[in-house]
Q: 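Sharing a structure below in structure tokens format, with a few things to ask.
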Amino acid sequence: MFVLVDGIPTNAIPVTDSVVVRGDGCFEAMRSYEGRLFALDEHLDRLEHSAAAMGIPLREREELSGWCKAAAVAGGDGVVRLIVSRGPAVPGVEGSGHTIVMHHQMSPPPAQVRLDPVHAPWHAAGRTWDLATAKTISYAPNLSATR
């Protein structure tokens, strides 16, 4: 696995960060094929939309693009995840948000797939709400429904 945090090769972020404490952040995940990213500009457009909806500042687009491309080159085939946090979520802790870029392999697809309807009370059901189109970090309701 290849990981950058704020452009530095490391896999550590502070436990006081909003992504850890509150699940407060946004993300994109994009496929990489032989070190090349699929639809990078479209993913960065959507990340900008999500971050704006949540009021989370982003690094410069060129910087984000460069980090994603570096992860794809290092990892080859797989997935590049770009995660952005708001920053410290604990009173008295100073700092700013973090940008995490990582590449990981994909699990092989299952031989068979089954689609089951799931009751989703957290879903907006067509009603407008602030984060309806934002890709947020908080997937707990989705994972609970899946389990």
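Source: prediction; values computed, not measured.
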Q: Taking the side chain as every heavy atom from C-beta outward, state whether Val5 and Asn11 have any atom pair closer than 4.5 Å.
A: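 The answer is no, as the side chains (C-beta and beyond) never meet within the 4.5 Å cut-off.
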Q: Taking only residues two or more places apart in sequence or in another chain, which ones pass salt bridge (charged side-chain N to carboxylate O under 4.0 Å, His left out) with Glu48?
A: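 Listed in chain order: Arg61.
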Q: Using a 4.5 Å cut-off on heavy atoms from C-beta on, say whether the side chain of Val3 contacts that of Thr10.
A: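 No, too far: nothing below the 4.5 Å cut-off.
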Q: Quick check: closest heavy atoms across Cys68 and Leu40, and the distance to 0.1 Å?
A: CB-CD1, 4.1 Å
Q: Any Lys/Arg nitrogen of Glu28 or Arg46 sitting under 4.0 Å from an Asp/Glu carboxylate oxygen of the other?
A: yes
Q: Just to verify, what does Arg59 make a side chain to side chain donor-acceptor pair (under 3.5 Å) with, not counting sequence neighbours?
A: Asp6
Q: Could you name each residue pair satisfying side-chain hydrogen bond (donor to acceptor under 3.5 Å, both in side chains) that touches residues 13-26, not counting sequence neighbours?
A: Asp17-Ser85, Asp24-Arg86
Q: Checking Ala51 now: which residues fulfil side-chain contact (heavy atoms from CB on, under 4.5 Å) with it, not counting sequence neighbours?
A: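 Applying side-chain contact (heavy atoms from CB on, under 4.5 Å) to Ala51 gives Cys26, Ile56, Leu58.
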Q: Is there a path of hydrophobic side-chain contacts, each under 4.5 Å between heavy atoms of I, L, V, M, F, W or Y residues, that connects Met1 with Ile13?
A: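 Linked, Met1 and Ile13 end up in one cluster.
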Q: Suppose clustering is done on Ile, Leu, Val, Met, Phe, Trp and Tyr with side-chain heavy atoms closer than 4.5 Å. Which residues sit in the same group as Val73?
A: none
Q: Are Leu44 and Leu64 side-chain neighbours, meaning at least one heavy-atom pair lies under 4.5 Å?
A: yes
Q: Excluding sequence neighbours, so at least two apart, what forms side-chain contact (heavy atoms from CB on, under 4.5 Å) with Ala71?
A: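 Residues passing side-chain contact (heavy atoms from CB on, under 4.5 Å) with Ala71: Phe2, Val80, Val101, His103.
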Q: Listed by chain and number, what are the side-chain contact (heavy atoms from CB on, under 4.5 Å) partners of Ala52, not counting sequence neighbours?
A: none
Q: Under 4.5 Å between any side-chain heavy atoms of Ile100 and Leu4, yes or no?
A: no
Q: Applying side-chain hydrogen bond (donor to acceptor under 3.5 Å, both in side chains) as the test, list every pair that has at least one member in residues 67-78; sequence neighbours left out.
A: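 Residue pairs with at least one partner in residues 67-78: there are none.
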Q: Indicate yes or no: at least one non-hydrogen side-chain atom of Leu82 is less than 4.5 angstrom from one of His43.
A: no
Q: Under the 4.5 Å side-chain heavy-atom rule for ILVMFWY, direct or indirect, which residues accompany Phe38?
A: Tyr33
Q: Considering only residues two or more places apart or on different chains, which pairs with a residue in residues 92-115 satisfy salt bridge (charged side-chain N to carboxylate O under 4.0 Å, His left out)?
A: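 For residues 92-115, and leaving out neighbouring residues, the salt bridge (charged side-chain N to carboxylate O under 4.0 Å, His left out) pairs sorted by first residue read Arg114-Asp116.
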Q: Who clusters with Val79? Use side-chain heavy atoms, under 4.5 angstrom, across I, L, V, M, F, W and Y, and order the result by chain and number.
A: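 Once heavy-atom contacts under 4.5 Å are chained together, Val79 belongs with Met106.
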